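Chain naming here is simple, since letters A, B, ... match the order of the sequence lines and numbering starts at 1 in each. Everything quoted here is computed from the prediction, not taken from an experiment.
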Amino acid sequence: MTSKYDHTRVEKKWQEKWEKSKLFNPNLKEAENPFYNLWMFPYPSAEGLHAGHAFASTGSDVFGRFMRMQGRDVFQPIGYDSFGIHSENYAIKIGENPHEVVKRTTKHYEEQMRSFGHGYDWQHTVTTSSSDYYKWTQWLFLKMWEADLAYKKNATVNFCPSCKTVLADEQVMTPAQAGKEPKNASGEVVENVGELKVCERCGTIVEKKDLDQWFFKITKYADRLLSGLKKIDWSERVVTAQRNWIGKSEGMLIKFEIDGGGEIEVFTTRPDTLNAVTFIVTSDEALYNEENPEKIGEFTGKYALDPLSGKKLPIWKTNYIAPGYGTGNVMGVPAHDERDMEFAKKYHLDIVEKEPDEKLWKLIEEKGWGKRHTNYHLRDWLVSRQRYWGAPIPMIDCPKDGWVAVPEKDLPVLLPDIKDYQPEGTGKGPLANHKEFYETTCPKCGGKATRETDVMDTFVDSAWYFLRYPSVGDDNQAFDPAITKKWLPVNLYFGGAEHSVLHLMYARFVTMVLHDLKLINFDEPFPKFFAHGLMIKDGAKMSKSRGNVVNPDEYVAKFGADAMRMYLMFMGPMDGYPDFRDTGIEGMERFINRLWNIFNNKPELKDKSVVYSKLHQTIKKVTDDISNFKYNTAIASIMELVNVIQEEGMDEAVLKNLCLILTPFIPHFAEEVWVEVLGGKFSVHRESWPKYDAKLIKVDQVTIVIQVNGRVRGQILVGSGVANQEKQIMALAEKDGKVSKWLEGGKIRKVIFVPGKLLNFVV
RNA sequence: GCCGAGGUGGUGGAAUGGUAGACACACGGGCCUUAAGAGCCCGCGAAGCUUAUACUUCGUGCGAGUUCGAGUCUCGCCCUCGGCACCA
């Protein structure tokens, strides 16, 4: 008898029951065994969640459900990164107020996530664009200001002519990294952009502008951001990306006297090559041009004096020295640096061949010519944006008192609902057109003053959201100290590797600052971070232009959330680039139907030993594999078990265990089977994860592989009692027809025996 | 150039130094069916040999090495992907 499993009815039924029974709402104050399971919150886009989101979020949800069955009080919140350019650009595109757009898109996201069957605590969601959240983002800014980690200064910054705002260094990348076609300011696609970089969001080639901007002093934490990487358990590629981005270089600052007065200081990582220096180069903004790989220079007419030899070293202005790194001056050592060599040849400068001398490090220090110094690639974090859709920076400019922070009691500085929210690209944000917003009084002297009209980068919003979740609803503080102490740091953070140097570094920085302000008792927010991979479709990256974007809703409707979930987890390793195929999910639908028939028809148990051995092997394997995020092999081993059950039958205990190990992957199906078929108590999600019994794993008969000179020549089946007896196995093997012919004419020199597995004759 | 991760059937992918290709998808054949679908059974790396069962050889990017035994370890290359980069 076969009957079809009705996923639509079953999934809806249990989703409602779970919601009503508060299965996913742990008691945040009293939970005894907290486990904070977090997936990076998405920004709500118009298209809705795509299949990549479904893949990643399911990976996180499976682990959460697994931990719940391990007896943990799992807190699994979700929210929306709804402030910022991404949401605003879309609102502008469709000519609708961003407030309205966000309301609609977040609602759609919630429906989708509920339909996937994820166990989120919907009572603790966060929407970064709502004032009860951004009030505390502004509070965070005030903390930065108090700690002397926020400052405004004029700087040469990256400016996106399309988004009409400045960008942080981390938001500027090559077109390939951004995954965008490079465009010019008019929005036309440009073919050959050379070394030019583009805006992370829209792919437009960025410009350089000198503007007054707000920064967070992340460079002060460069060394801690680097050393902290050693104590956290993160995917290696993410650690490497962050290490590269921070870019530590240890070297020396060396001062050269200038002939005729003054001095010039260089930074070098190779003081041991000071004996081969022949010129000094200094960066020049006018000559500097990232597009031009050709080195050009101008002699300044001045000479520096080589402290070692006293020789005169010509000082040249060049385009090949990056301004703003080190001192902007470099000693030219053509013998040990290809770039210096190229420059020296072009302008006929001296080339001195001399072996590097390690003793120079010490000598330079002793003589007082220079001192040890560490440089970082990391720059301060530019947080102001000349846009509308962000948290207003809570600062007031007073003609008398200078920059004054908005007092905490006056937060939030509300973002007014205005009609002209489009950016203008004048270097000022839309709020600068609204007197009613910026005209205010100085909190210090009470005189007339103006508010800052820039808003904060969206990455400030997301740099602390994980702290807010457990304290959602608390109007008096950003996060409750007792609850924070109980739930943080996050036990498992699940997310994409594309945030390696953006969100993940900013969040670490903010956490370190709050720790140093004694507001929290940990300085790494995510001791364990798992970087999931990217899903592809039919062998190609998903994209609208290819027309191969997988819409998860269609698949959930057609095959059910469970089939979708289990297929997504079965496609390949969680950190790889698994390929989604329509035929694959059809196969998973068939597998779930097979399961349904097994649970309902209960084929009678034939060989208890074989089935129980397989069952306990499988429990062990699934437990280990889920713990290591190897969901694909966990599911494969469950399939093997099912194949054995179909052959050998099963009993009630086998069925119950099978149901339990299926629960994290196909939660609705498992609940239906547990309650309606096996007569268990609601809910299967509150049941304990099964334990395997090592004694039962043992089988009656064992296959021993027989090798001759390391090549497989036969196999013999022996009772498990004999499997570890070398002599007996050897005797059996020598008698074996297949093996004996390979032993003829040779003398056995040595026998290698692996108990229970293998016997190898060396002849 | 530097740092990191990889390279296994038609495809996705499995393999604590111990039977390479688990588990699936696709494909081929068969049963069932008026038919389709679903379901069930069999085959499925390549070559050789055989009526057949079996057997043999080759095979994890390329070339060496260690080992009784290498996809796995070592050395040298090639290629792919990711990060950093005129950063001194």
Side-chain angles (χ1 to χ4, degrees), chain A residues 2 4 173-174 176-177 195 235-249 251 266-271 273 281 283 288 290 292-295 318-333 336-340 342-343 375-377 497-498 500-501 531 533-534 536 538-539 567 570-573 575-588 590-591 593-594 597 630 632-643 646 703-715 738 741 749-754 757-763:
Chain A
T2 57
K4 232 179 150 177
M173 46 190 71
T174 64
Q177 289 167 328
E195 302 288 309
S235 303
E236 190 54 40
R237 56 185 167 145
V238 179
V239 170
T240 308
Q242 261 194 36
R243 198 183 295 123
N244 285 343
W245 184 260
I246 296 166
K248 183 178 186 170
S249 298
V266 304
F267 174 71
T268 180
T269 54
R270 296 296 305 278
T273 64
V281 271
S283 73
Y288 190 71
E290 281 171 290
N292 187 5
E294 169 84 25
K295 292 179 179 47
T318 74
N319 68 330
Y320 80 94
I321 301 301
Y325 182 79
T327 60
N329 309 312
V330 171
M331 62 182 201
V333 188
H336 299 294
D337 188 287
E338 278 177 37
R339 296 154 303 184
D340 293 344
E342 193 187 327
F343 190 73
N375 238 326
Y376 296 92
H377 165 261
E498 69 274 18
S500 301
V501 294
L534 288 178
I536 57 176
D538 297 325
Y567 177 58
F570 180 64
M571 286 191 300
D575 54 358
Y577 292 78
D579 193 356
F580 190 100
R581 308 250 166 180
D582 288 359
T583 52
I585 191 168
E586 284 164 20
M588 193 54 80
R590 284 199 294 271
F591 178 69
N593 268 316
R594 265 174 75 197
N597 289 328
K630 289 163 77 175
N632 57 330
T633 49
I635 294 167
S637 72
I638 294 176
M639 288 174 168
E640 284 184 54
L641 171 65
V642 169
N643 289 340
Q646 268 190 332
T703 305
I704 307 285
V705 172
I706 309 299
Q707 297 184 330
V708 178
N709 288 337
R711 308 202 55 151
V712 180
R713 297 302 181 189
Q715 37 188 271
K738 286 182 204 163
K741 75 177 185 192
R749 283 197 295 133
K750 201 172 156 189
V751 176
I752 285 137
F753 182 63
V754 182
K757 265 199 168 157
L758 168 141
L759 186 88
N760 184 16
F761 293 100
V762 185
V763 299

Quiz item: Does A:Glu338 make a side-chain donor-acceptor contact with the base of B:G1, cut-off 3.5 Å?
Solution: no
Exercise. Have a look at A:Val705 and say if it touches a base, only the backbone sugar-phosphate, or nothing, with a 4.0 Å heavy-atom cut-off.
Key: base
Quiz prompt | Nucleotide B:G18, atom C1' - distance to CD1 of A:Ile704 in whole Å | solution = 12 Å
Practice problem: Using a heavy-atom cut-off of under 4.0 Å over every strand shown, decide if A:Gly587 touches base, sugar-phosphate, or nothing. | Solution: sugar-phosphate
Exercise. For B:G18 versus B:U50, give the span between their P atoms, rounded off to a whole number of Å.
Key: 37 Å
Practice problem: Name all residues meeting the side chain to side chain contact (heavy atoms under 4.5 Å, CB included) criterion together with A:Asn643; count only those two or more places apart in sequence or in a different chain, and write none if there are none. | Solution: A:Arg594
Quiz item: In whole angstroms, how far is the C1' atom of B:A15 from the CD atom of A:Glu640?
Solution: 12 Å
Quiz item: Tell me: NE2 of A:His377 to P of B:A88, nearest whole Å?
Solution: 10 Å
Practice problem: Tell me what A:Ala636 touches on the nucleic acid: a base, only sugar-phosphate, or nothing, going by heavy atoms under 4.0 Å. | Solution: base
Self-check item: Under-4.0 Å side-chain N/O to phosphate OP1/OP2 contact, A:Lys630 with B:A15
Solution: yes
Quiz item: B:G76 pairs with which nucleotide, Watson-Crick or G-U wobble, both distances below 3.5 Å?
Solution: B:C62
Quiz item: Rounded to whole angstroms, how far apart are CD on A:Gln707 and C1' on B:G69?
Solution: 6 Å
Quiz item: Which base, if any, makes a Watson-Crick or G-U wobble pair with B:G28, both distances under 3.5 Å?
Solution: B:C42
Quiz item: Which is true for A:Arg594 with a 4.0 Å heavy-atom rule: it touches a base, it touches only sugar-phosphate, or it touches nothing?
Solution: sugar-phosphate
Quiz item: So, is A:Arg711 near the phosphate of B:A20, with a side-chain N or O under 4.0 Å from OP1 or OP2?
Solution: no
Quiz prompt | Out of B:C68, B:G4, B:A88, whichever nucleotide has its closest atom nearest the side chain of A:Thr269 | solution = B:A88
Quiz item: Is it true that a side-chain atom of A:Asn632 and a backbone atom of A:Met571 form a donor plus acceptor pair closer than 3.5 Å?
Solution: no
Quiz item: When all nucleic acid strands are considered with a 4.0 Å heavy-atom cut-off, which category describes A:Arg243: base, sugar-phosphate, or nothing?
Solution: nothing
Practice problem: Indicate, yes or no, whether a donor-acceptor pair under 3.5 Å links the base of B:G83 to the side chain of A:Asn244. | Solution: yes
Quiz prompt | Complementary nucleotide of B:C84, counting Watson-Crick and G-U pairs under 3.5 Å | solution = B:G1
Quiz item: In whole Å, what is the span from the CG atom of A:Asn597 to the P atom of B:A38?
Solution: 15 Å
Practice problem: Could you check whether the rings of A:Trp245 and A:His377 sit parallel, tilted or perpendicular, using 30° and 60° as the cut-offs? | Solution: perpendicular
Exercise. Tell me which nucleotide among B:C40, B:U19, B:A26 gets nearest to the side chain of A:Val712.
Key: B:U19
Quiz item: Partners of A:Phe570 by ring-ring contact (aromatic ring centres under 6.0 Å, His included), sequence neighbours excluded?
Solution: none
Quiz item: Could you give the CD-to-P distance, from A:Glu586 to B:A26, as a whole number of Å?
Solution: 7 Å
Quiz prompt | Whole angstrom value for the distance that separates P of B:A14 from CE of A:Met639 | solution = 14 Å
Quiz item: Under 4.0 angstrom, heavy atoms only, what part of the nucleic acid is A:Phe580 near: base, sugar-phosphate, or nothing?
Solution: nothing
Quiz item: Which part of the nucleic acid does A:Asn632 contact within heavy-atom distance under 4.0 Å: base, sugar-phosphate only, or nothing?
Solution: sugar-phosphate
Quiz item: B:G69 P sits how many Å from A:Arg713 CZ, rounded?
Solution: 13 Å
Practice problem: Would you indicate what A:Asp340 reaches in the nucleic acid, counting non-hydrogen atoms under 4.0 angstrom: base, sugar-phosphate, or nothing? | Solution: nothing
Quiz item: OP1, OP2 of B:C81 versus side-chain N and O of A:Tyr577: anything below 4.0 Å?
Solution: no
Exercise. Would you indicate, yes or no, if B:C68 has its OP1 or OP2 atom less than 4.0 angstrom from a side-chain nitrogen or oxygen of A:Lys750?
Key: yes
Quiz prompt | From B:C68, B:A26, B:U19, nucleotide with atom closest to A:Thr583 side chain | solution = B:A26
